[in-house]
Amino acid sequence: MLHLLIAGIVIIASVLIFRIGSFLYKRSTSRHNVPPGVVILYQIGRGPFAPSVSPFPLKLETFLRMTKTPYVNDHSAKFSSKRKTPWIEYDGKSIADSQFCIDYIKTKRGVDVSSHLSPSDCSVARAFQKLTEENLYWTMCIEMFGEDTSTVEKVIPYKGLKLWFTIWFLKRVINKETWGHGIGRHTQEEVWSIAVSDMTAISDFLGDKDFFMGPEPSEVDCAIFGMMAMILFNMPDSRHEKYVRENLPNIVAYCERMKRRFWPDWESHVLTSKKYENDDGKIYFETQGKDLGTCIYS
Amino acid sequence: MGAITNFVICITAAMGVVLITVIRRGRKRVKKVYPPNTIVHHQIGRGPYAPSITPFALKLETYLRMAKLPYLNVHDRVRSSKGKLTWIEVNGEEIADSEFCIQYVNRKFNVSLDEGFSEENRAAALAIQRMVDEHLYWTLVLQRWVYDSKDGINISKMLNFPWVITPTLRNFVNKQSYAQGVGRHTEEEVHHVMHEDLTALSKFLGNKKFLLGDRVCQTDGAVFGMLAQFYWHSFGGYGEKSIKKYPNLCDYCERMKVEFWPDWDDCITHGWTRKATK
């Protein structure tokens, strides 16, 4: 009897470890055959209130749309070699990290949506991207995965044990990451004060401009929009969402503007919308590929 | 044989670190009495070629000088409540984290170096501070603690600490930077993003005397604290070679040194050849 019990536990544990390992570590074999010059964008699937539950896939996909780069989505939720998502495959080469993906596409296809900016403007754009992704982002993680996870439970499109496990796992990861980063050592109120400073700075710099750097969009808009959309659509009833809606109306208007410009089909990519359509494998901007040479990212 | 020796050394070093930490924690922190309304800046000892080997202590002390605030230094290794080595106390109240320290002294002493700059410029300066402290910083620590040894730089000798601790520190930096994200990149990729940040700083500064013009803003402390590490504390390594590609950033470092550290020579150890007198 005891032997059977032990065998049972070992089998269940092995299956669990295998499944968790597959989820985290198995690299996707290409599920889509695409013509040359078409980017395969691997991401974790659509969200209930926005085309992604994470700011980085939204940033990357907005960039692809802004530059009209031919691309196809793979929503199979596999992770890159850096254990991160999103990532891309372009003509057989895999690139991890959303910003490296963007830099790779810019080099390979010769596109630059920030060419109209002055050198000083490019600097400010980079600085704000870092403020958003290396600082504000962590305050949002701490807010979502702190004591009260009711907000994140509304957004992660899983149920039951899978939802519980995902939240438990992400909480552990985020605690570790924010401690290593440094911001996790602050109190909740100190983190909130950092968040307010960052969101206010974004609003102050945006002012009454149509896009972040001026009347025309540029690359940084992808990062800013990705993060602001996260706050407005994927953090319902959170402090961040309430603060932006009540105090920073220009950010709300900016997000609507970006949606109209680059996501006229937004509703088709939102799981809870009646217009939702699964676009896994659908090619956007199908055209001749343009390859301009080598890039350091491989 | 070599691998076993290295393993034994690492284990011994780790045990030594643990022992020292436990002993230190066991000692009760004796509360000293300092002059009232004076900022007591706790930081590690002076550096070999710049007043600190840590960008945040140099940032904070430079800021106190920029704002002409009354302060004194206590060079100790007592950690803040957040486990970090740079913190302040004012009238017995302890504040950790360099940015929170700056915000605290601004409120307490009614200081605002950013007053008079436009809202847009102040916002841009905040973004520059985030880029420098939350991103460029990680490229610096990876270069200093992980990559430089491959280029033959003996960092323990350069920074004057026991060499047995180096593997532990390196491991620590690898873990922290992996958690933060930059540490997941290859060395080439880290160098690339380091250059992107330095290029952005250089283009933002342009021909200006300081970040936002002819007078300093709050963020000049942060930028100087970080760039000083590249300029003076990279010991001929990749960090130093990188910043030297941006002459205006080098000139900026020299300018900040002249403006706010006229006593620089008294605040460094000159390559550990003498004690800093201040």
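Naming: A, B, ... by sequence-line order, numbering from 1 per chain.
Listed options S177(B), S118(B), A179(B) were ranked by heavy-atom pairs under 4.5 angstrom with chain A; first place goes to A179(B). Top candidate by heavy-atom pairs under 4.5 Å with chain A, chosen from F172(B), F204(B), F100(B), is F100(B). Interface check for chain B: of the options R126(A), R185(A), H181(A), the most heavy-atom pairs under 4.5 Å are formed by R126(A). Ranked by non-hydrogen atom pairs under 4.5 Å with chain B, the options I194(A), D121(A), V173(A), I183(A) are led by I194(A). In terms of heavy-atom pairs under 4.5 Å with chain B, the best-connected choice from S203(A), S123(A), S118(A) is S123(A).
Residue K209(A) qualifies as enclosed at atom NZ: its count of foreign heavy atoms under 6.0 Å is above 12. In the displayed structure, E119(B) atom CD is contacted under 6.0 Å by at most 12 heavy atoms of other residues, nucleotides or ligands. Atom CD of E254(B) sits in a crowded spot, with more than 12 heavy atoms from other residues, nucleotides or ligands closer than 6.0 Å. Remark: K171(A) NZ is packed, more than 12 non-hydrogen atoms of other residues, nucleotides or ligands lying under 6.0 Å away. Heavy-atom neighbours of R245(A) CZ from other residues, nucleotides or ligands within 6.0 Å: above the threshold of 12.
Contact annotation for E190(A): both backbone and side-chain heavy atoms come within less than 4.5 Å of a heavy atom of chain B. The contact between S193(A) and chain B is made entirely by side chain atoms (from C-beta outward), counting heavy-atom distances below 4.5 Å. Contacts of L136(A) with chain B are absent, with no heavy-atom separation under 4.5 Å from either backbone or side chain. Of the atoms belonging to D197(B), heavy atoms from both backbone and side chain fall under 4.5 Å from chain A.
In this structure, OG on S120(A) lies 5.5 Å from NZ on K208(B), to the nearest 0.5 angstrom. From Q103(B), atom CD reaches atom OG of S197(A) across 5.5 Å, with rounding to the nearest 0.5 Å.
Residues A201(A) and L126(B) approach most closely at CB-CD2, 3.5 Å, considering heavy atoms. Looking at every heavy atom in both residues, A123(B) comes nearest to D204(A) through CB-CB, 4.1 Å. Between M131(B) and A127(A) the shortest heavy-atom distance is SD-CA, 4.0 Å.
Ring geometry, H192(B) versus F100(A): the interplanar angle exceeds 60°, so the pair is classed perpendicular (tilted spans 30 to 60°).
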Begin with the C-alpha distance, continue with both residues' side-chain angles, and end with the deciding distance and a verdict on side-chain contact (heavy atoms from CB on, under 4.5 Å) for D103(A) and E196(B). CA-CA 12 Å; D103(A) 291 343; E196(B) 288 199 320; 4.0 Å; yes
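Electrostatic pairing of D198(A) and R130(B) counts as a salt bridge here, judged by a charged N lying under 4.0 Å from a carboxylate O.
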